[in-house]
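Just below is one structure, and these are the notes that go with it.
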Amino acid sequence: MLQTVCILGATGSIGESTLKVLAEHPDQYSVFAVTANSRIEKLIEICKQFNPKIAVVPSVHVDRFAQLLKQHQLQHIEILADEAGLLAVAAHPDVDIVMAAIVGAAGLLPTLAAVKAGKRILLANKEALVMSGEIMLQAAKQHNALLLPVDSEHNAIFQCLPQNYLQLETNNQPQLGVSKILLTASGGPFLNFSLDQLQTVTPAQACKHPNWSMGRKISVDSATLMNKGLELIEACHLFSISEHFVTVVVHPQSIIHSMVQYVDGSTLAQMGNPDMCTPIAHALAWPKRISTSVPALDLFLNQQLNFQEPDIQRFPALALARQAMRIGGTSPAILNAANEIAVAAFLEEKISFTAIPEVVEFTINKITPNNAESLDVILHADHLARDVARQRVEQLIGGQ
Ligand code: NAD
Ligand code: MG
C-alpha cells in the first residue's frame, strides 16, 4: 500500500531532500500535498514532477500560481491558501505522514495540527517543539501521533537509544541504563574566529556552512551556535531529560551525528556522511530501513575525528539556550522569538553577527517567563518577545 506524504515547506532545503528520498521510492510513497511560502516557480517544478493532490501557497500568490498550474496542464491540483490551508493539509484524513519542514515559529500550528490528527510526523521544524515543549508531547500521546526526529543529531540519538525509549515515562532522568547524551556540533563556519573577527562577518559568510547545505536561518543559527542551543532544548523534550544530562561536543567533521552513553561505560555513536537524506529516510521508514543515494561512509577517506568543548565566551547563544531550558515555562519560546528577529535583522544587514545573542539576552532579561500552560500563553510570549527584540534592534541601528 502506498503511504501518502504531506510536505510542509516543500521548497526548502529539507523539503528538497525529502522529495529526493521519495522520488527513489515511488512504489512506497506518494506526495499528497506540498506547501511553499514564496518560491512559487520552484513549487510548480515540484508539482510537475510529483503531481500532488493539493498545493498550499499564501493568498497573494494564488492567482499567479493558478495561472502557472494551468500553463502546465496541472489545473486538477487543488490550491489552498495561508495558514488555514496549511492546517487543512497537515490534518487531512488522506495523509499518513507529515514532514514538518517549515522554518521557525510559522511551523508551530501546522505541526500541532498534524499531531492532533494522529499522524506520523517527521520533525525537522525544531522551533515548533522548542516553543511548545510539553504541550506538543502531551498532544502526541493523547492523539496517538508518532513524532520522529529528523534533525540529524536527534535522529542519531534516537538510533542509539534502546528501542521504545520515546514511549517511556522518564521523569526527566535517563532510563534503561542511559547515562548521558552527547550532542555533537560542527562548530559552524566561524569555529576558530576571534571575537574581533566575529564582529564583522557577513550574512554570505555565515550562510556558507562547511559541511551542510541548509536554509539561511538555520545556517546563521549554526554559526552562532544558537542552533545547538535550540537542539539542546529539542533533545530535552524529545527524550524527556533535564538539560544537565546533555553535553555539547564540538566535532568539526560532522561524521558522528551524536552519541548516547550508558552506565556500563559504553558510548554508542551514529555515523554517516553529512546528508539530510539519511535521517529523513530513517524517519520515513522506521522501524524499517530504505535505501538512499547517500554514499556509505569511507573511514579511510575520513581519518580524522576531532572533538573539543564549545567556547561560550565567543558563542554565548549556547549558554542562553541552556539557561532558558533550565528556567523552563515560556523561556524557550522567548529565546526562540528573539532569535528569529535578530537573525532576520542580521540577514538584512541591519545588525552585526555578535549583536544576535545580545538581542536575545536583552529580550530574555526584559520579559518575566510564565508557566507554559497553554498555547495561548506561549503565543503571547512569542509576540511579546518579538516586540522587545525589534525595539532592541532599532536601538542598535540607532547606535545605542
Ligand atoms: P528553508 O529556509 O530552506 O525552507 C523553509 C521552508 O519553509 C520553505 O519551504 C518555505 O517556503 C517555508 N516557509 C518559510 N516561512 C514560512 C511561513 N511563514 N509560512 C509557511 N511556510 C514558510 O529551511 P530548511 O533549512 O529547509 O529548514 C526547515 C526546518 O528544518 C527548520 O526548522 C530547520 O531548523 C530544520 N532543519 C533543517 C536542516 C537542514 O539541513 N536544512 C537540518 C535540521 C533541521
Ligand atoms: Mg541538527
Side-chain angles (χ1 to χ4, degrees), residues 6-20 33-43 45-46 55-61 65 80-87 89-90 99-111 113 121-131 148-158 183-188 207 209-222 224-235 238 248 251 254 256-258 270 273-280 282-283 294 336 339-340 343-344 347:
C6 161
I7 307 173
L8 304 171
T11 51
S13 163
I14 291 289
E16 196 170 311
S17 298
T18 306
L19 289 164
K20 193 170 161 196
V34 289
T35 85
N37 194 46
S38 55
R39 297 161 76 187
I40 300 307
E41 278 75 19
K42 184 156 185 190
L43 193 64
E45 290 307 311
I46 292 170
V56 185
V57 296
S59 41
V60 285
H61 296 308
F65 186 62
L80 297 178
D82 300 332
E83 190 160 84
L86 295 173
L87 300 180
V89 289
M99 164 51 85
I102 291 175
V103 60
L108 173 59
L109 295 181
T111 305
I121 295 124
L122 318 189
L123 186 73
N125 180 204
K126 64 193 85 183
E127 297 92 343
L129 183 60
V130 166
M131 291 173 73
L148 294 168
V150 164
D151 213 345
S152 57
E153 296 77 3
H154 305 74
N155 184 270
I157 294 161
F158 180 50
L183 185 69
T184 56
S186 70
C207 289
H209 196 278
N211 307 335
W212 300 93
S213 151
M214 310 181 285
R216 282 163 70 77
K217 192 259 177 184
I218 185 179
S219 295
V220 176
D221 285 347
S222 299
T224 59
L225 287 204
M226 181 57 92
N227 183 50
K228 215 43 59 182
L230 297 174
E231 290 185 357
L232 169 83
I233 299 172
E234 183 186 13
L238 274 174
V248 174
H251 163 48
S254 301
I256 293 179
H257 299 303
S258 277
Q270 188 263 355
N273 285 308
D275 188 319
M276 289 307 293
C277 288
T278 299
I280 290 167
H282 176 266
V294 181
N336 177 67
N339 182 56
E340 286 192 28
V343 171
L347 284 171

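By convention here, the first residue in the shown sequence is residue 1. As the structure lists them, so they are numbered: ligands from 1, and atoms in each ligand from 1.
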Inset, instruction - With Ile218 as reference, evaluate Lys126, Met226, His209, Glu127 under the side chain to side chain contact (heavy atoms under 4.5 Å, CB included) test and give the passing residue. - result: Lys126
Inset, instruction - Run the numbers on Glu234 and Leu123 for side chain to side chain contact (heavy atoms under 4.5 Å, CB included), then give the verdict. - result: CA-CA 10 Å; Glu234 183 186 13; Leu123 186 73; 4.3 Å; yes
Inset, instruction - Using modelled atom types only, decide if a donor and an acceptor are shared between the side chain of Thr278 and the backbone of Pro274 within a distance under 3.5 Å. - result: no
Legend entry - Lys228 side chain vs Thr184 backbone, donor-acceptor pair below 3.5 Å: yes
Inset, instruction - Classify the contact between Ala10 and ligand 1 as side chain, backbone, both or neither, using a heavy-atom distance cut-off of under 4.0 Å. - result: backbone
Legend entry - From Met131 atom CE to Ile233 atom CD1, the distance as rounded to the nearest 0.5 Å: 12.0 Å
Inset, instruction - May I ask you to identify, for Met276, whether its side chain, its backbone, both or neither come under 4.0 Å of ligand 1 on a heavy-atom basis? - result: side chain
Inset, instruction - Answer whether the closest heavy-atom distance between the side chains of Leu183 and Ile157 falls below 4.5 Å. - result: yes
Inset, instruction - Closest by any non-hydrogen atom to atom 28 (C) of ligand 1: pick that one out of Ser13, Ala36, Ala101. - result: Ala101
Inset, instruction - From the options Glu153, Glu127, Glu83, select the one whose nearest heavy atom is closest to atom 32 (O) of ligand 1. - result: Glu127
Inset, instruction - Compute the minimum heavy-atom distance from Lys217 to ligand 1 and say whether it is under 4.0 Å. - result: no
Inset, instruction - Measure from the side-chain N and O atoms of Asn125 to the backbone N and O of Gly104, and report whether any donor-acceptor pair falls under 3.5 Å. - result: yes
Inset, instruction - Would you mind checking if Glu45 and Lys42 are paired as a salt bridge, meaning a charged N to carboxylate O distance below 4.0 Å? - result: no
Legend entry - Count, waters excluded, of protein N, O or S atoms under 2.8 Å from the Mg ion (ligand 2): 3
Inset, instruction - Would you mind checking which non-hydrogen protein atom is closest to atom 23 (O) of ligand 1, with the distance to 0.1 Å? - result: Gly215 CA, 3.9 Å
